[in-house]
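Only heavy atoms go into these numbers, but all of them, side chains included; no hydrogens, no water, no symmetry mates.
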Amino acid sequence: MGIEEQLREGIAEAFAELVSGGELPAAVTSAKFSVERPRRAEHGDLATNAALAVQKLSGKAPREVAGLLKARLEARHDVASVEIAGPGFLNLRLKEAAFQRIAGEVLRAGEGYGRAASAVRGRAMVEFVSANPTGPLLISHGRGAMVGDAIASLMEATGYHVNREYYINDHGNQVRLFAASVRAAARKVDPPEGGYGGGYVHELATYLTAHGAAALASEDDGALARICVTRMLDGVPGVPELKGIKATLASIGVRFDTFTSEDALHRWGRVDGCLDELERQGRLEVREGAVFMKTAEFGDDKDRVVRKADGHTTYFAADIAYQIDKFRRGYDHLVLVLGADHHGYEGRLRAGIRAFGFDDARFEVMFFQLVNLLRDGTPYKMGKRLGNLITIDEIVDEIDEAAQRKGAGADALRYFYLSRHWNTSIDIDIELAKKATVDNPVFYLQMGYARLCSIVRRAEEHFNIEPPPWSERLAARIAHPDELAMLAQLGRYPSIVADACDAREPHRILFYLDELSKQFQSYFTRLKLEGDAILPLRSQMQEPDWRERWDLDKSLARLLWVRCIQTVYRAGLRLLGITAVERMDPLVGREPEPRED
RNA sequence: GCGCCUGUAGCUCAGCUGGAUAGAGCGUCAGACUUCGAAUCUGAGGGUCGGGGGUUCGAAUCCCUCCGGGCGCGCCA
């Protein structure tokens, strides 16, 4: 339990005591109040508006209530002092030991720090990406992939059992058109009206021709479509341009637990069954040859077609069947991550869910906004293609190559996609993402972690010591104000994770890590200049009696402290799917700045 | 026209679901290295939170309205 939560409970207890003592009305126990780290240092380590929050419920002046709370909070063993400020804020200062204990909590929990017990909040499904298997994944799909994956990870960390699912739209017009386009390419004729024309279509046609796919010769679009979809998902051996959607996702660290096929829903009769049920309910109506579902009865803007006049069902019909299928598979909570261009869909999906008697409060849709690629500040264009038609593979490969590290591209995409709220549109500058300098925030973040690792490494290699286990004696040596402030920051991590999950905002984790990183690097550089380093500096070791003057316990205490930061840092990076690089090699071709003398 | 998202420093964005004097990065300017990784750090400057009303002890945050941007409004997926 974090330090804020402890105080929150303390206040709740204080209210309960005051109620039972007849000093406050019972209503105050239901009040919501904040416990937070004040922006300004003179407001203490923690502040609460509890006395203000119960103003109406208590019928007393806030400062009077604050006085009552103050007396009780001062009795708590972690509290050094309590001050009443302004209209009735309570500003608390904590004892050093309260912060030093956080180090013990972090080390005890290790990688599990900030994570809730598994599956206590039930089963959830996060559906994301679900891109049509008619082409490679584009950078806009990448945003959905990163956001969905991060949401899923957050939910896992806070106690959901999560299933990541990809819905394959392998039924209907688009895939048939795709198949027809591949066949046309194989026969060296123009693709059909509205068909697909990219280079990958020709690559696929060449491959299928070489492997004598019978469906290519026939006119059976359905059979050919199945083959093409499989190849788009699983890739074409030996053709780098067609590594496959699954491989692309894997390259950016996204793995799905399940893939559900729309075509299978049809083959299994789920779609027809669903329409039959709606028919029995009287929710369907034929107008001008098409079958409409009366979704407006469930709050949609207007009724929607489920079966076209030509007899084919619509995508929407299958989608109802799909959402219902999810509920019937036993998920307590459904999250659907979609691009902003699908937002018109939400109303009809909810209508479908409610028609089947499921609670649409358990159905959550997140619409992420568009992505624009820039190169040196100007919109990215390649030939006729606009920026958002660039594939994930192209970008990832380009960044990997520039950074000379496999995974650098994935990390950069993760960082940039997760550093902004998903409901705002973003511009990503590829040239910036490629840079291995502090201008590049991804680099800065990873650098901070590598630096922590390097300190532990140096301790082992040069001094033969390593971060010791927590003890009250050593923890008491973690006493520098910056060190205590960072312990407070570590103590905040669990509630950051919980809040980020509940708000569905992964960027909070990233901002937290950026701050943690900055806090440490600032400390690190300043103390080095003051000669008060974690380990003896090389310059100090020039002196003959440096060993006698070396405060070993302080070094050990600080190594313990470094290990704590490292632990939380790594946990956060892992949660976001960004690689925790332990050693960053010097960049090739980078010369040290010439020094002016 | 209707619906969803959005408007905060020169630029890119936070602002913990109503709290105290609105923050960070980049950029600009001024500083700090015989380095536990200077691939870093310190400081300065920079804002009528798009405009106007309202709600209350208190609003960037909630409500109304206007203005500007993005997306959507198919018997496409």
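Ring planes of A:His171 and A:His266: parallel class, angle under 30° (limits at 30 and 60°).
Note on A:His421: only backbone sugar-phosphate atoms sit closer than 4.0 angstrom, heavy atoms only; bases stay farther off.
Phosphate contact (OP1/OP2 of B:C76, side-chain N/O of A:Lys308, threshold under 4.0 Å): present. For A:Lys32, no side-chain nitrogen or oxygen approaches OP1 or OP2 of B:G19 to under 4.0 Å.
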Residues A:Asn91, A:Val82; criterion side-chain contact (heavy atoms from CB on, under 4.5 Å); working and verdict
CA-CA 6 Å; A:Asn91 295 331; A:Val82 183; over 6 Å; no
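When the nucleotides B:A38, B:C16, B:A77 are ranked by their closest atom to the side chain of A:Arg508, B:C16 comes out on top. Taking every side-chain heavy atom of A:Arg583 into account, B:G37 is the closest of B:C76, B:C57, B:G37. The nucleotide whose nearest atom lies closest to any side-chain atom of A:Met447 is, among B:C16, B:C71, B:G37, B:G37.
Atom NE2 in A:His343 sits about 16 Å away from atom C1' in B:A77, given to the nearest Å.
Comparing the C1' positions of B:C33 and B:U17 gives an interatomic distance of 45 Å, to the nearest angstrom. Across the C1' atoms, B:U35 and B:A14 are found 33 Å apart, a figure rounded to whole Å.
Nearest-nucleotide positions on RNA chain B place A:His507 closer to the 5' end than the other of A:Leu527 and A:His507. Where A:Gly289 and A:Ile455 meet RNA chain B, the nucleotide closest to each residue was compared, and A:Ile455 sits on the side nearer the 5' end.
In this structure, B:G1 forms a base pair with B:C73, meeting either the Watson-Crick or the G-U wobble geometry with both donor-acceptor distances under 3.5 Å.
No hydrogens or angles were tested; on distance alone, nothing pairs the side chain of A:Ser34 with the base of B:G19 as donor and acceptor under 3.5 Å.
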